[in-house]
Amino acid sequence: MKKVLVAGGAGFLGSHLCDRLLNRADIEKLVVVDNLWTGREENVAHIRDPRFSFVRSDIEEFRTSDKYDEVYHLASPASPPWYMREPKRTISANLIGAFRLLDVLKKGGRFCFTSSSEVYGDPLVSPQPESYKGQVDCTGPRASYDESKRCTESLLFEMQRTQGLDVKIVRPFNVYGPRTRPDDGRAVSNFAAQALTGRPITVFGDGLQSRSWGYVDDIIDGFARFFWMNETDYRGPLNVGNDREISVLEVAQYVSRLAGGAPIVFEPSPPHDPTNRRPDLTNANYVMPEWSCAISYEEGVAKTLEWFREEMNITTAQVDQAGSRRLGKAGR
Ligand SMILES: NC(=O)c1ccc[n+]([C@@H]2O[C@H](COP(=O)([O-])OP(=O)(O)OC[C@H]3O[C@@H](n4cnc5c(N)ncnc54)[C@H](O)[C@@H]3O)[C@@H](O)[C@H]2O)c1
């Protein structure tokens, strides 16, 4: 029976990963360590499993006498406004967090890390294979995130090379879905929160920049297959994402339609916003041939909007009213 630690488990992806881990019968204890910087205790409040416990702590400061068979390191903000506000804290969460977590890993245990497609920077190659070295500016405003992901990858692969660490590393592309914070600051959650509260949908730049939107259930399924289900010698880095590239504007228009016709306004792009992002899934198809992003963005965005509506206690009638008020305003 295994002891498992999920750092960042009260966050968006971490909480879904915990749900998935708790389906396993070979786990006797699952501890989430999270400082609730960008995560929320509500994300794990539904878990009633006696094997589960929550510790509120910076991962860098976490102390325990236990050693864990599997450690999942997700502790890092993923949204640019959050990590750009606190770069030192972001670097610490990823890198110092990884050092600390290596100390609590049982000898022979497995270390799983969520790196990011941001390691490709603003790519000149599309789609991006894992072998693409990317275009990251180490002095730019996104460097705290991009470079701490790159450096943590280096640390873990070097630990593998010199000490045989059992490591698995994924590079997720854009993920969206239920349990994202309404103030998360990324496109789908922004659009949903804005449209449902009667505000205009804000698109940065001309909206023609593209992303590969992966619905959370598909992405967590990919993590589960790679991290523990499928037998494979491949340690990563492994792209996990949807390879259907959609423009930000198209998603905004779709959310607007679903939410009663919210108007779309354009604002200047944030610094170093990548123009395109699309995973090359050759390796993913090889190590987990039965996996794919099965949920279309139309279905996933509709589900996400529904979750936001419940979360923000907004009834369909209110959304319709917001729509009619807008139509009234437009007519004046
Ligand atoms: N969501 C995406 O689209 C995406 C894409 C690529 C990579 N990732 C990576 O996946 C991981 C999870 O992303 P997410 O979207 O769930 O983000 P999130 O912000 O919802 O979750 C991160 C969690 O880590 C916690 N945390 C941050 N610093 C911590 C620290 N020092 N000590 C303890 N807890 C800390 C936060 O409170 C939060 O609960 C991150 O490592 C992120 O870089 C996410």
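Below, all heavy atoms of this structure are taken into account, side chains as well, without hydrogens, waters or symmetry copies. Each ligand, and each atom within it, is numbered from 1 in the order the structure gives. Keep in mind it's a predicted model, so treat the numbers as computed, not measured.
No part of S117 comes within 4.0 Å of ligand 1, judged by heavy-atom distances. Contact annotation for F173 and ligand 1: only backbone heavy atoms (N, CA, C, O) come within less than 4.0 Å of the ligand. Contacts between R89 and ligand 1, counted as non-hydrogen atom pairs separated by less than 4.0 Å, are absent for every part of the residue. Under 4.0 angstrom from ligand 1, the non-hydrogen atoms of K149 all belong to its side chain. Only the backbone of S57 comes within 4.0 Å of ligand 1, judged by heavy-atom distances. Counting heavy atoms under 4.0 Å from ligand 1, residue L36 touches it through the backbone alone. Contacts of R171 with ligand 1, taken as heavy-atom pairs under 4.0 Å, are absent altogether.
For ligand 1, one of its N or O atoms has an N or O atom of W37 under 3.5 Å away. Considering backbone and side-chain N/O atoms, G11 comes within less than 3.5 Å of an N/O atom of ligand 1. At under 3.5 Å, a nitrogen or oxygen of F12, whether backbone or side chain, sits near a nitrogen or oxygen of ligand 1. In terms of N/O distances under 3.5 Å, ligand 1 is approached by L74.
Which parts of ligand 1 touch G39 is read off a 4.0 Å heavy-atom cut-off, strictly below it: atoms 36 (C), 37 (O), 38 (C), 39 (O). Close approach of ligand 1 to E60 is summarised as follows: ligand atoms under 4.0 Å from at least one heavy atom of the residue are 30 (C), 31 (N), 32 (N). Remark: ligand 1 atoms within the under-4.0 Å shell around heavy atoms of D58 are 32 (N).
Side-chain contact of T202 with E267: a donor-acceptor pair under 3.5 Å is absent, judged by distance alone. The closest side-chain donor-acceptor pair between D19 and H46 falls under 3.5 angstrom. In the model, E290 has a side-chain atom that pairs as donor or acceptor with a side-chain atom of N230 under 3.5 Å. Y297 and E299 share no side-chain donor-acceptor pair at under 3.5 Å. No donor-acceptor contact under 3.5 angstrom links the side chains of S247 and Q209, judged on distance only.
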Before giving the answer on salt bridge (charged side-chain N to carboxylate O under 4.0 Å, His left out), spell out for E28 and R51 the whole-Å C-alpha distance, their side-chain angles and the decisive distance to 0.1 Å. CA-CA 6 Å; E28 60 169 326; R51 296 171 296 168; over 6 Å; no

Assess the residue pair E245 and S210 against the criterion (side-chain hydrogen bond (donor to acceptor under 3.5 Å, both in side chains)); give the C-alpha distance rounded to whole Å, side-chain angles, the decisive distance to 0.1 Å, and a yes or no. CA-CA 6 Å; E245 211 172 3; S210 68; 2.6 Å; yes

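What sits closest to atom 8 (N) of ligand 1 on the protein, heavy atoms only, is Y145 OH, 3.7 Å. Counting protein heavy atoms only, atom 7 (C) of ligand 1 is closest to S115 O, 3.2 Å. For atom 39 (O) of ligand 1, the closest heavy atom belonging to the protein is D34 OD2, 2.5 Å. Residue, atom and distance of the protein heavy atom nearest to atom 16 (O) of ligand 1 are L13 N, 2.7 Å. In this structure, the protein non-hydrogen atom closest to atom 32 (N) of ligand 1 is I59 N, 2.8 Å. Counting protein heavy atoms only, atom 18 (P) of ligand 1 is closest to T38 OG1, 3.7 Å.
Contact analysis leaves G97 out of contact with ligand 1, as no non-hydrogen atom separation drops below 4.0 angstrom. Within the structure, ligand 1 lacks G9 among the residues with a heavy atom less than 4.0 angstrom away. The shortest separation from a heavy atom of G214 to ligand 1 is not under 4.0 Å, leaving the residue out of contact. Contact between R186 and ligand 1 is present, with at least one heavy atom of the residue lying under 4.0 Å from the ligand. In this structure, W82 has no heavy atom closer than 4.0 Å to ligand 1.
The heavy atom nearest to atom 35 (C) of ligand 1, out of those in N35, I219, N43, D184, is found in N35. Distances from atom 44 (C) of ligand 1 to the heavy atoms of S116, S76, A93, A78 show the closest one on A78. Nearest-residue assignment for atom 23 (C) of ligand 1 (options P77, G8, P172, A10; heavy-atom criterion): G8. Summarising the contacts of atom 11 (C) of ligand 1 with T114, V175, V119, the nearest heavy atom is found in T114.
With a 6.0 Å cutoff to the six-membered ring centre and a 45° limit on the axis angle, R85 counts as a cation-pi contact of W82.
In this structure, R20 pairs ionically with D221, as a charged nitrogen and a carboxylate oxygen lie closer than 4.0 Å. R150 has no carboxylate O lying under 4.0 Å from a charged side-chain N of D146, or vice versa, which leaves the two without a salt bridge. Using a 4.0 Å cut-off between charged side-chain N and carboxylate O, D69 and K3 make no salt bridge.
Y72 and W228 have perpendicular rings, their planes meeting at more than 60° on a 0 to 90° scale where under 30° would count as parallel. Note: F111 and H73 have perpendicular aromatic rings, judged against thresholds of 30 and 60 degrees for the angle between ring planes.
A salt bridge (Lys or Arg N to Asp or Glu O under 4.0 Å) with E298 is found for one member of K303, R257, R244 and no other, namely R244. Each of I219, I220, D218 was compared with V216 under the side chain to side chain contact (heavy atoms under 4.5 Å, CB included) criterion, and only I220 meets it.
Under a hydrophobic clustering in which Ile, Leu, Val, Met, Phe, Trp and Tyr are joined whenever their side-chain heavy atoms come within less than 4.5 Å, directly or via other members, V4 and L22 fall into the same cluster.
Contact record, S148 with N94: OG-ND2, 3.3 Å, taken as the closest heavy-atom pair.
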